[in-house]
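Written below as structure tokens is the structure these notes are about.
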Amino acid sequence: MEKILITGGAGYIGSHTAVTLVEAGYLPIIIDDFSNSDKSVLEGLKTILNQEVPYYEGDCNDQALMKQIFSEHQLKGVIHFAANKAVGESTAVPLKYYRNNVGSLVVLLETMAEFGVNDLVFSSSCTVYGQPDELPVRETTPRKEAESPYGNTKKICEDILADVTKSGAGTRIISLRYFNPIGAHPSALIGELPLGVPANLIPFVTQTGIGIREKLTVFGNDYDTPDGTCVRDYIHVLDLADAHLKALEYLNDKPGSFYDLFNVGTGNGNTVLEVIQAFEKVSGKPLNYQIGPRRPGDVVKVWADTTKIGEKLNWNPQFSLEDALRDSWNWQLALSKK
Ligand code: WQD
């Protein structure tokens with residue numbers, strides 16, 4: 001059984017990807033520092049998979065730990081999720097983001113080279129496009145000046161991967177530029193676990209729906225969009241997990257020193273108000289919200305052109321916005337019972 005190291009594997013996207021990998025016959029090995037995830041996720045994985053997923057608690061910047069993992073397991077490849085991702089926090093403490101997000105990638109790449117592990121799928125983000133010049137966004141759409149240190153770390157990491165490839169290191173790498181991941185595993189045993197007040201829309205919506213939050217504030221309705229609210233491409237986390245599996249397998253017949261990148265979105269854009277309407281439909285209850293001021297730094301509208309990933313990786317999203325909101329809501333209901 002081929003082993004895949006999942007850094008940040010106890011996180012939201014990492015844990016769902018662990019499920020997908022096991023179901024495809026791989027054995028994931030998780031490393032996570034649990035700074036933005038919870039050990040209960042490992043219990044959820046065990047229940048879903050009926051098997052333990054081996055894990056190490058620690059920091060990907062810890063070179064000794066990374067060497068230990070690579071020496072204890074013959075790894076087929078790595079999926080690198082581990083990073084801090086709070087846009088607002090990154091502006092307040094940029095060095096935490098550069099050390100963690102960029103530093104851990106360098107340590108990972110050095111360790112992969114030392115142990116002859118060549119295959120890597122990297123978690124990038126549509127944030128590298130900023131407010132794109134063209135819509136839908138293609139992989140050839142120019143990247144923009146980062147809106148935050150978080151976004152800049154993603155751009156820098158992509159550049160590091162391109163430079164390592166050019167050096168002829170023999171690595172085979174894919175960067176996946178996520179749009180907006182939402183939803184949860186249909187079992188409601190794993191899902192998004194924001195610590196504190198959610199920054200992202202969907203957890204705030206479900207927490208409002210369950211009564212944890214009094215009301216949702218829609219950040220502006222005076223934008224140049226169909227109903228004045230921002231447009232995003234919301235993709236089910238299981239569709240995103242499947243994209244990582246297909247990316248890993250796409251690398252299998254590639255020559256050494258290979259690098260490519262793909263957008264991973266549904267190809268559809270939805271406004272915040274459309275998301276609220278869809279949530280009210282799947283939850284069967286009205287959502288308490290108000291229109292508030294714009295959030296600084298928000299991109300007005302962004303959604304993916306998914307032609308490239310469809311053609312090259314034979315990947316297509318299977319879940320709708322309503323499917324994802326239903327799964328997010330069921331997860332929130334399950335959380336409230338814990
Ligand atoms: C979505 C829309 C808000 C909360 C960020 C990062 C991106 C990625 C995903 C890591 C926007 C609106 C939100 C609320 C609202 N993170 N909103 N009220 O900003 O598109 O992307 O998270 O990879 O890199 O930038 O996601 O969920 O924060 O916002 O009206 O309480 O919902 O204005 O239009 P975003 P989001």
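Read the numbers this way: they start at 1 and go in the same order the structure lists the ligands and their atoms.
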Could you pull out every N or O of ligand 1 that sits under 3.5 Å from a protein N or O, with the distance for each pair?
| from | atom 1 | to | atom 2 | distance (Å) |
| --- | --- | --- | --- | --- |
| ligand 1 | 18 (N) | Thr217 | O | 2.8 |
| ligand 1 | 19 (O) | Arg295 | NH2 | 2.8 |
| ligand 1 | 20 (O) | Asn180 | ND2 | 3.0 |
| ligand 1 | 20 (O) | Arg232 | NE | 2.5 |
| ligand 1 | 22 (O) | Asn200 | ND2 | 2.9 |
| ligand 1 | 23 (O) | Tyr150 | OH | 2.6 |
| ligand 1 | 24 (O) | Ser125 | OG | 3.3 |
| ligand 1 | 26 (O) | Asn180 | ND2 | 3.1 |
| ligand 1 | 27 (O) | Asn200 | ND2 | 3.3 |
| ligand 1 | 27 (O) | Leu201 | N | 2.7 |
| ligand 1 | 28 (O) | Ala199 | O | 3.4 |
| ligand 1 | 28 (O) | Asn200 | ND2 | 3.1 |
| ligand 1 | 28 (O) | Arg295 | NH1 | 3.2 |
| ligand 1 | 28 (O) | Arg295 | NH2 | 3.0 |
| ligand 1 | 29 (O) | Arg295 | NH2 | 3.3 |
| ligand 1 | 30 (O) | Phe219 | N | 2.9 |
| ligand 1 | 33 (O) | Asp298 | OD2 | 2.6 |

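- A cation-pi arrangement is found for Lys39 relative to Phe34, the charged atom lying closer than 6.0 Å to the ring centre and inside a 45° cone about the ring normal.
- Remark: Arg294 qualifies as a cation-pi partner of Tyr223 under the 6.0 Å distance and 45° angle criteria applied to the six-membered ring.
- Inspection of the Tyr259 and Asp163 side chains reveals no N or O donor paired with an N or O acceptor under 3.5 Å.
- Both the sub-6.0 Å distance and the 45° axial angle are satisfied by Lys254 relative to the ring of Tyr250.
- Checking Leu27, Leu248, Leu49, Val53 one by one against Leu21, the side-chain contact (heavy atoms from CB on, under 4.5 Å) holds for a single residue, Leu248.
- Taking the centre and axis of the six-membered ring of Phe262, the NZ or CZ atom of Lys308 falls inside the cone set by 45° and 6.0 Å.
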